Amino acid sequence: MSNGAKIAIGGVVAAAVLWPLIGFWWALLVLIGVPVVGYLMLDPAQRRRLRRVSRKEIGR
């Protein structure tokens, strides 16, 4: 199983768990907000490198 598939399955499981506990909009905010905050925490050099690397190479 590819890394992308594992991440997608993890996202679906997280959404399924969070939805009944905190509601749809809060669960959606968490699922979108966590990766965004993680990206924003990178320093500018790391962001440039991440943008430069193709999607296929990110999972290495």
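Counting from 1, the numbers follow the sequence of the chain as shown. Since we're looking at a predicted model, the values are computed, not measured.
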Please report, to 0.1 Å, the donor-acceptor pairs under 3.5 Å made by any side chain of residues 22-46, with sequence neighbours excluded.
from, atom 1, to, atom 2, distance (Å)
Y39, OH, R51, NH1, 2.9
D43, OD1, A45, N, 3.1
D43, OD1, Q46, N, 3.0
Q46, OE1, D43, N, 3.1

In a table with atom names and distances, give each donor-acceptor pair under 3.5 Å that connects a side chain of residues 8-21 to protein atoms at least two apart or in another chain.
none

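Dense packing is recorded around CZ of R47, with more than 12 heavy atoms of other residues, nucleotides or ligands lying under 6.0 Å away.
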